> 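Take this structure, written in structure tokens, and hold onto it; I'll ask about it next.
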Amino acid sequence: MRLSAVDLACRRGDRDVFSGVSFNVGAGELLAITGRNGAGKSSLLRIVAGLIRPVGGRLWLEGGEPELSIAEQVHYLGHQDPVKPSLSVLENLQFWAAFFAGAIKVDDALELVGLGAIATLPAGYLSAGQRRRLSIARLIAVKRPIWLLDEPTSTLDAAAQHRVAEFMRTHLSEGGLVLTATHSALGLSSIQELSLDRSVRSHAHSDVAGMEQPAAVAP
Amino acid sequence: MSPLAALLLRDMRIAVRVGGGALIGVLFFLAVVSVTPFAVGPDLALLKRIGPAILWLAALLASLLALDRLFASDHEDGSLDLILTGRAPLELVVAAKGIAHWLTTALPLVVAAPLIALLLDLDGSAEAGLVLTLLVGTPALTFIGLIGAAIAVTLRRGGLLLAIIVLPLTVPVLIFGVAAANAAIAGPVPFGTPFTVLCALTLASLVIGPFAAAAALRLDME
């Protein structure tokens with residue numbers, strides 16, 4: 001299985017976010033997408049997930065399920081945690097597992113992320129980190145080959161971050177693909193890095209300079 | 001469980017739990033209809049004449065109440081993104097959400113209608129006719145409302161816009177719903193004539209609603 005992109009370009013509103021982005025990720029490989037805030041890391045992941053359309057370039061998958069689109073073979077873990085506060089932890093996960101109609105190992109997945117003991121608690125009582133872990137449990141309960149992770153560890157403590165890195169390693173060793181937008185190193189080997197800063201690198205020595213960079217905004 | 005059954009069950013669970021919208025609609029309906037006789041005064045003939053119109057108006061406004069959260073809550077917590085990466089066609093997803101919404105907000109209203117109709121001095125056969133028009137007509141209100149809910153999904157305060165978009169589209173349903181209910185009570189038009197048109201409106205909105213709402217959602221997500 002191989003996910004490739006050539007010359008992807010993204011435009012949000014009247015602002016060109018990035019252009020000329022190419023990558024090539026094979027089975028068992030991880031692509032770390034880096035860049036300053038606003039460089040388009042999330043947009044790139046959303047393009048792969050089929051949630052926004054690129055204005056240019058091509059994206060294709062070799063060796064996947066031919067009947068399914070790329071979007072139907074990805075797990076997208078965005079900024080938000082799709083957790084309904086009035087449903088219990090277990091009901092939340094059961095819904096997504098049933099909705100994605102995957103191999104349902106809901107209880108195991110909750111144990112793995114450390115939420116097994118509070119499965120019947122309404123999800124409204126969860127902390128931000130626990131909600132994130134509940135979202136991550138979805139990736140384990142339902143098998144999909146491509147993981148798109150947008151800052152997967154941002155609200156997690158050190159132990160949970162370590163656990164997530166372990167999940168990613170397991171997924172990679174089973175022949176999966178991982179694309180992750182991240183600031184923090186996850187301690188994984190076999191990483192390809194894709195920097196979205198290339199076009200403005202000379203100006204973006206610091207985040208402040210990056211933010212004041214007016215060239216990125218179309219007139 | 002199929003993806004759509006799972007979604008239907010989830011939406012119904014959320015609606016009937018604490019903070020869900022299921023009871024708000026029916027309480028609003030009961031409140032509007034039960035204060036009307038106090039406003040109109042003890043004129044039984046007048047109440048009987050305007051009774052169906054009041055019930056239908058209250059049903060229309062009640063069905064608009066919870067509608068703005070239908071897609072907005074899924075949009076805000078990222079659920080909609082995941083739903084779009086699912087394998088179920090978006091049109092059917094939208095229809096499943098519409099059915100769940102109808103079952104939890106409109107059906108209780110239909111069930112409550114015979115009780116509340118007593119306040120408007122409607123007798124047995126008139127009540128039966130009225131309840132039948134509500135049962136057949138409210139799905140049209142929900143499924144037309146889906147379109148507005150999908151258009152207003154990315155707006156913070158989409159409720160008002162929703163009402164402005166949806167209300168004009170529901171006018172035919174209101175006209176034929178009230179006409180059928182009046183025909184059941186007083187005549188002279190046979191009940192079947194406006195009732196058949198009402199059925200047609202519902203069937204048409206059941207087909208058009210999900211497609212239009214799904215198209216609107218796809219545009220919103222861009």
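Every value quoted in this text rests on a predicted model; they were computed, and no experiment measured them. Only this structure's heavy atoms are used, side chains among them; waters, hydrogens and symmetry mates stay out. Chain letters run A, B, ... following the sequence lines, proteins first and then strands; every chain starts at 1.
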> Return yes when atom CD of A/Glu67 has more than 12 non-hydrogen atoms of other residues, nucleotides or ligands closer than 6.0 Å, and no otherwise.
no

> For the candidates A/Arg144, A/Gln73, A/Arg12, which exhibits the highest count of non-hydrogen atom pairs separated by less than 4.5 Å from chain B?
A/Arg144

> Would you say CZ of B/Phe211 has more than 12 non-hydrogen atoms from neighbouring residues, nucleotides or ligands within 6.0 angstrom?
no

> Please collect all side chain to side chain donor-acceptor pair (under 3.5 Å) contacts where either partner lies in residues 78-94 of chain B, sequence neighbours excluded, each pair once.
A/Arg46-B/Asp81, B/Asp77-B/Ser79, B/Glu91-B/Arg218

> Given a strict heavy-atom distance threshold of 4.5 Å, which part of A/Ser43 is in contact with chain B: side chain, backbone, both, or neither?
neither

> With chain A, which of B/Ile83, B/Val93, B/Leu4, B/Leu9 has the greatest number of heavy-atom pairs at distances under 4.5 Å?
B/Ile83

> Working to the nearest 0.5 Å, report the span between CG of B/Leu7 and CH2 of A/Trp96.
8.0 Å

> For the side chain of B/Arg17 and the backbone of A/Ser86, is there at least one donor-acceptor N/O pair under 3.5 Å apart?
yes

> Do B/Asp74 and A/Lys84 have side chains that get closer than 4.5 Å, going by heavy atoms?
yes

> Specify the closest pair of heavy atoms between B/Ala6 and A/Ala98, including all atoms of both residues, with the distance to one decimal.
CB-CB, 3.6 Å

> Heavy atoms only: give me the nearest B/Leu82-A/Tyr76 pair and the separation to one decimal.
CD2-O, 3.2 Å

> A/Arg2: what forms a side chain to side chain donor-acceptor pair (under 3.5 Å) with it, not counting sequence neighbours?
A/Asn24

> Given side-chain contact (heavy atoms from CB on, under 4.5 Å), test B/Asp11 with A/Phe95 step by step and report yes or no.
CA-CA 10 Å; B/Asp11 271 24; A/Phe95 163 67; over 6 Å; no

> Heavy-atom cut-off 4.5 Å, strictly under: side chain, backbone, both or neither for A/Leu68 against chain B?
side chain

> Drop me the distance from A/Gln80's CD to B/Glu76's CD, to the nearest 0.5 angstrom.
9.0 Å

